[in-house]
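Since the structure comes first, as structure tokens, the remarks are kept for the end.
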Amino acid sequence: MKLTVAQGTALSVGAVLGTGVISMPALAAGVAGPSSLVSWAALILLSAPLARTFAALGARYPDGGGVATYVRLAFGARAAAAVGWCFYFAVPLGAPAAAAFAGNYVADVLGGGRRTVIATFLAIVGVVYLMNWFGLRVSGRVQLWLTGTLAVLLLVTVVTALPHTNWHNLTPFAPHGVAGIGAAAAVLVWGFAGWEAVSSLSPDYRNPRRDVPRATAIAVAVVGVLYLAVAATSVLVLGPALGQSPAPLADLLAVGVGGPVRIVTAVVAVLLTVGAVNAYLAGASRLGAALARDGALPPRVFGTTRRSLTFVLVASLGAVALPVRLQTSMLLVTGCFTLVYVLGTAAALRLLPAGPSRTWAAVAFAAVLGLLVLTGRPALLSLAVAAGAVAYQAWRARRPAKIAIPSPISAGSIAPNPTTKPSCEVA
């Protein structure tokens with residue numbers, strides 16, 4: 001069964017909104033104070049051209065390889081493998097970090113510290129793994145229900161907390177100056193990662209050329225409104241305490257509603273994280289299979305969506321045991337995703353026809369280059385992963401050739417003439 005616009009919108013919102021709304025307001029405020037709202041506004045504005053660019057690519061070239069496919073068409077197999085590896089191997093590193101935010105909310109209610117956080121992670125990835133094992137039809141319907149319910153809950157939280165606004169919480173507005181705003185923007189990239197994830201799901205839409213842009217446009221509006229509403233309300237209501245809060249959404253709801261609301265926010269946090277991890281595992285499972293199909297990963301390990309999904313699960317379990325701080329994991333993942341954005345938007349400049357789509361792609365390309373600079377040294381991990389992809393390609397090229405089964409989208413890995421209609425485009 002194919003995805004509807006509503007289900008695709010829910011997957012997009014879940015991929016982007018997810019853990020960002022339960023954690024990023026506090027992290028950004030801790031870095032930049034009230035001026036973190038400037039960073040929020042900037043990232044929301046960036047979402048429009050970035051999401052539109054990936055939607056245009058997904059509609060024009062529907063394929064499970066997503067960004068890797070677009071880069072392959074524009075720049076060749078080695079560049080595609082590097083991008084695919086950067087995204088694919090960032091997912092299992094990011095899943096424990098994402099679940100840790102929800103785990104903090106659960107621990108806030110049940111206690112248990114890190115043991116509760118790890119138990120929450122195992123429960124979330126286990127449920128999402130089973131959802132995706134049984135196919136996108138299950139995942140899409142569940143995601144639609146989750147996203148609608150959680151959007152209502154977030155709006156209730158904002159509306160009930162707004163009467164407690166204190167405008168004095170906006171001063172001093174920029175305690176760390178312009179540098180703080182830039183640092184907050186680098187942190188917030190985590191919260192806005194996701195627009196590229198659902199591009200891997202474009203072939204699962206009923207009509208990719210029509211439905212992918214529609215679903216993405218609705219998702220951009222929903223995410224922008226909810227993010228800015230929660231961030232602004234958190235700053236205005238919680239004030240300086242926001243930057244030190246491990247469970248800011250729980251604190252906000254406690255102010256607005258009162259009573260034993262921390263259980264509710266723990267449930268909200270878990271459901272939001274399930275939505276985000278679900279969208280990423282769904283996209284990554286298809287990306288891994290597509291990379292194996294194109295010779296960028298070993299087919300025996302990654303050759304089907306279920307094999308690819310299982311690898312992500314196992315790698316996530318290994319990542320949770322690494323002695324790496326949560327913030328470090330976030331920045332490492334952010335660096336990988338930012339490089340994916342840079343090369344993905346660069347591919348769009350070559351593949352999309354002249355006109356509004358290419359203009360949006362140019363704006364997105366310039367913006368993500370700036371984000372790459374703000375990310376700093378953690379972005380170096382993406383270079384190591386890209387080097388691994390190139391090394392694998394070189395090793396594979398030395399092996400005896402076997403019969404290859406090219407995919408319809410990647411059989412010609414050169415950019416088509418932008419003025420002509422691609423043979424794979426949906427009529």
Side-chain angles (χ1 to χ4, degrees), residues 1 3 7-23 64 66 87-106 116-151 153 190-191 193-201 204 219 266-290 302 304-321 326 329-330 333 337:
M1 185 174 180
L3 279 175
Q7 290 173 341
T9 299
L11 283 167
S12 300
V13 171
V16 180
L17 193 62
T19 58
V21 77
I22 65 176
S23 56
F87 176 81
Y88 185 75
F89 290 107
V91 171
L93 182 61
F101 295 126
N104 286 333
Y105 278 76
V106 176
T116 301
V117 172
I118 293 177
T120 303
F121 161 73
L122 293 175
I124 289 173
V125 296
V127 168
V128 171
Y129 177 81
L130 291 175
M131 288 167 61
N132 283 278
W133 181 268
F134 290 107
L136 189 61
R137 188 178 75 170
V138 176
S139 296
R141 288 179 175 176
V142 171
Q143 189 70 48
L144 179 59
W145 179 84
L146 285 177
T147 301
T149 301
L150 295 171
L153 289 174
W190 169 279
W195 298 119
E196 81 296 335
V198 291
S199 66
S200 297
L201 305 177
D204 293 292
V267 172
V268 170
V270 170
L271 292 179
L272 281 169
T273 304
V274 167
V277 175
N278 174 49
Y280 269 93
L281 262 65
S285 64
R286 284 155 180 77
L287 173 59
F302 305 92
T304 67
T305 55
R306 287 185 172 181
R307 290 180 186 176
S308 178
L309 177 67
T310 300
F311 174 85
V312 173
L313 173 67
V314 173
S316 297
L317 296 176
V320 79
L326 175 62
S329 296
M330 289 177 54
V333 174
F337 286 161

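Because only heavy atoms are used, hydrogens play no part in the values below, and waters and symmetry mates are left out as well, while side chains stay in.
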Any residue meeting side chain to side chain contact (heavy atoms under 4.5 Å, CB included) with A100, in chain and number order, not counting sequence neighbours
V117, L326

Sub-4.5 Å side-chain heavy-atom contact between V274 and V270:
yes

Between A102 and A269 the two heavy atoms that sit nearest each other are CB-O, 3.7 Å

Report the residues that fulfil side-chain hydrogen bond (donor to acceptor under 3.5 Å, both in side chains) with S308, sequence neighbours left out, ordered by chain and then residue number.
Y88

Please report the shortest heavy-atom distance between I124 and A99, naming the atom on each side.
CD1-CB, 4.3 Å

Does L281 reach the side chain of V125, with side-chain heavy atoms less than 4.5 Å apart?
no

Smallest heavy-atom separation, W133 atom then L309 atom, equals N-CD2, 3.7 Å

Compare every heavy atom of A282 with every heavy atom of N132, then report the nearest pair and how far apart it is.
OD1-CB, 3.1 Å

Does N278 form a side chain to side chain contact (heavy atoms under 4.5 Å, CB included) with V127? I'd like the steps, not just the answer.
CA-CA 9 Å; N278 174 49; V127 168; over 6 Å; no

Sequence neighbours excluded - side chain to side chain donor-acceptor pair (under 3.5 Å) pairs with any residue from residues 97-106:
none

Compare every heavy atom of S316 with every heavy atom of P96, then report the nearest pair and how far apart it is.
CG-O, 3.6 Å

With sequence neighbours left out, the residues meeting side chain to side chain contact (heavy atoms under 4.5 Å, CB included) with A90 are V333, C336, F337

If I compare all heavy atoms of T305 with all of S285, which pair ends up nearest, and what's the gap?
O-CB, 3.5 Å

Pairing residues for F89 by the ring-ring contact (aromatic ring centres under 6.0 Å, His included) criterion, not counting sequence neighbours
W85, F311

For T310, which residues count as a side-chain hydrogen bond (donor to acceptor under 3.5 Å, both in side chains) partner, sequence neighbours excluded?
Y129

